[in-house]
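Each remark here refers to the structure printed beneath this line.
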Protein chains: 2
Amino acid sequence: MKQKITLKHIARELEVSISTVSKALKNSEEISRDTKEKIQAFAKLYNYKPNNIAISLKNKRTKNIGVIIPDIVHHFFTTVFRGIEKFANTKGYNVIVCVSDESFDKEVINMEILANGSVDGFIMSLSSETQLKNDYNHLKELIEQGIPLVLFDRVTDAVECDKVLINDKDGAYRAVKKLLENGRKKIALVATEDYLSVSKNRSDGYFQALKEQNIKIDKNLILRLPSMNSVEGNEMEEFFKNEKIDAVLCVNEIYAIHGMRIAQRLGYKIPEDIEFIGFTDGILSKFSNPTLTSVAQHGEKMGEIAAEMLIEKIEIENDVETYRTEVLEPTIMERESTIN
Amino acid sequence: MKQKITLKHIARELEVSISTVSKALKNSEEISRDTKEKIQAFAKLYNYKPNNIAISLKNKRTKNIGVIIPDIVHHFFTTVFRGIEKFANTKGYNVIVCVSDESFDKEVINMEILANGSVDGFIMSLSSETQLKNDYNHLKELIEQGIPLVLFDRVTDAVECDKVLINDKDGAYRAVKKLLENGRKKIALVATEDYLSVSKNRSDGYFQALKEQNIKIDKNLILRLPSMNSVEGNEMEEFFKNEKIDAVLCVNEIYAIHGMRIAQRLGYKIPEDIEFIGFTDGILSKFSNPTLTSVAQHGEKMGEIAAEMLIEKIEIENDVETYRTEVLEPTIMERESTIN
DNA sequence: TTGTAGGCGTTATCAT
DNA sequence: ATGATAACGCCTACAA
């Protein structure tokens, strides 16, 4: 096992000083051609690579960025992550990921651990518990300490920092408008609890589209499910049985796919009898049967922008206290679950 | 903006030495009660937290582990990652992820960057290009340097290190056997090119099951597609049109879902006329229509084991050169696409 | 009980 | 052209 070699080793071996080695490897003009060649050859031979940790300590820059997301096994976050990773890599940054698992405590702990020198800044999406508790002191402290932060998707007005999100309200609005234009009268909404910012915004878009057409909101056409990822229980089945519905907007893919299956089982033809639009244009939308029309959130783009914002803040000299909020427009991907 | 506070700041402020502060904060017996209380109170007040980078430099331990995977937007890898992350966190480790994007070069570069002090060890799954080139020098050098490595899923015999994988061959074997027991005669295989270790192993399982029943391998029943993630082109459609097939084993979910749609379009009834079994028991299998019987790879478990193996190697004192290979048994998740 | 000094690996400044 | 020294923040063996 050949140990990692350091400047010190090289210096000792070649009987020069450490600083000479350091300079020689940086091709400094100060060092004679001969010495440089000798040192560089030796370094190459022993595959010398500077120690990142030492450099980080010296520069007070780690070239790492911390990403905290609620869930990694979730297509949307994964997509954003890819955007972050790609952009970060081109700028020479590595990405440390922590998963909050939708837990406030984990979010705080992860942040504290990484904030002690491990990363130069954070990109994160709030856990649902954090949004529920409405407690953002950990974020505020971060900013107090001058550590840059970019929030994406699940953001909050309570914290001043850079943000990237999609216009969820407009996405829902346009989706519902499309359904109305297709002549649908009884448009249902399947959402989660409102403390999740995105679900709330999507609901608002739904309300707005209906109001514009002077359609009264029918509470019976709105189903709120507890968890984002599960469709256990038969609330949805009851819902479809009890209500006459001719179109559905779901705040995520899973609800939509699940809804379509129930509708099909109940004898509905999609899209003739009932149309479906989901959010999160992920893998399920593309491969479901029928394929699902859905509101694309441009996760990868979002990740790139977040990374770009963060790195800009990290690398800027004087810390100007000016923050941007970038709002992306969603795109409706039309597929078989609607009449196009 | 309140700057991060260091031992030095505290020492200067309280007019004691740095080492006194250091000891006091560690509750050392050497320091008087009074001094300790004073220092601890001050530290708490200013929210002192030791700098991770300095500690890493001192201890030559980063408490970071590097994970290099071919693709993050892929349910299986994501699942493994979750297992790694969970286990690592319980042991106080953070995870730095790099994505090789199925590229050899990126894999090497990512590894080199992280190997220079940023992580204590690696968990990785080989990129397809690496498996194709069959070049593992970067891994061998890593091991030479005494940096622990655990390979998972896409592994190679060419490198001696810890490994976790599932018994792909047996999974395929059992899947095909099940189809045979259901009376199927013309069982097709949809796979990728053989240089991907997992695809090869799954093919082998398919062959074995058929041979055992003295069924001759019919090359026309085997379709090999180029990319793992795409189903562009109509090779599969042609395949289903030209061959009489009554069952299909696909080496991944996407092929299976896509195949089912084509079969349905061609008038087949699933599972009556044709049965389907896929690999990678992901989200598509659960939500497709019909739901897909598939071979579960226990990704999360795999991640946990990989992390456990790695951390054990990292924390062991003397480097014993003994390596384990853990083989997980896959589970066939029976759903609607087969007769159960 | 407290403080000094040296070192982890690197770089930058200031001698020689 | 080369080297000594200090510093990044922390820890610890060894003085005092």
**Prompt:** A/Lys4 and B/Asn116: side-chain donor and acceptor closer than 3.5 Å?
**Reply:** yes
**Prompt:** Who are the side-chain hydrogen bond (donor to acceptor under 3.5 Å, both in side chains) partners of B/Asp157, not counting sequence neighbours?
**Reply:** none
**Request:** Whole angstrom is fine here: how far is it from CD in B/Glu15 over to C1' in C/dG3?
**Result:** 15 Å
**Request:** Count the heavy atoms of every other residue, nucleotide or ligand shown that sit under 6.0 Å from CZ of A/Phe104, and state whether that count exceeds 12.
**Result:** yes
**Item:** N or O in side chain of B/Ser17 less than 4.0 angstrom from C/dG3 OP1/OP2
**Value:** yes
**Message:** For DNA chain D, which residues of residues 32-41 of chain A approach it to below 4.0 angstrom with any heavy atom?
**Reply:** A/Ser32, A/Thr35
**Prompt:** Could you give the NZ-to-P distance, from B/Lys4 to D/dC8, as a whole number of Å?
**Reply:** 17 Å
**Residue pair B/Arg82, A/Asp71: steps toward the salt bridge (Lys or Arg N to Asp or Glu O under 4.0 Å) verdict** = CA-CA 9 Å; B/Arg82 178 200 259 166; A/Asp71 182 6; 3.6 Å; yes
**Message:** Expressed as a whole number of angstroms, how long is the span from A/Tyr46:OH to C/dG9:C1'?
**Reply:** 20 Å
**Complete:** Letter by letter from the 5' end, nucleotides 9-16 of chain D scores (B base, S sugar-phosphate only, - none; protein heavy atoms under 4.0 Å) BBBBBB--
**Asked** Between B/Gln131 and B/Thr156, is any side-chain donor less than 3.5 angstrom from a side-chain acceptor?
**Response** no
**Request:** Compute whether any side-chain donor of one residue and acceptor of the other, for B/Glu102 and B/Ser128, lie under 3.5 angstrom apart.
**Result:** yes
**Nearest-angstrom distance from the residue atom NZ of A/Lys63 to P of D/dC8** = 22 Å
**Message:** For B/Phe42 and B/Tyr46, take the angle between the two ring planes, folded into 0 to 90°, and tell me which bin it lands in: parallel under 30, tilted 30 to 60, perpendicular over 60.
**Reply:** tilted
**Message:** The criterion is side-chain contact (heavy atoms from CB on, under 4.5 Å); which residues satisfy it with A/Leu142, sequence neighbours excluded?
**Reply:** A/Met111, A/Ala115, A/Phe122, A/Ile147, A/Leu149
**Interatomic distance where CD belongs to A/Glu29 and C1' belongs to D/dA1 [whole Å]** = 12 Å
**Fill in**
Parsed dot-bracket for DNA chain C after applying the Watson-Crick and G-U rules with both distances under 3.5 Å and | for other-strand partners is ||||||||||||||||
**Request:** Can you sort out the partners of B/Arg324 under side-chain contact (heavy atoms from CB on, under 4.5 Å), two or more places apart, ordered by chain and number?
**Result:** B/Asp162, B/Met309, B/Glu312, B/Glu326
**Request:** Kindly compute the distance separating NE2 (A/His138) from CD (A/Glu141), expressed to the nearest 0.5 Å.
**Result:** 9.5 Å
**Message:** Would B/Glu37 and B/Arg33 count as a side chain to side chain contact (heavy atoms under 4.5 Å, CB included) here? Give the steps.
**Reply:** CA-CA 6 Å; B/Glu37 278 174 1; B/Arg33 171 174 286 282; 3.6 Å; yes
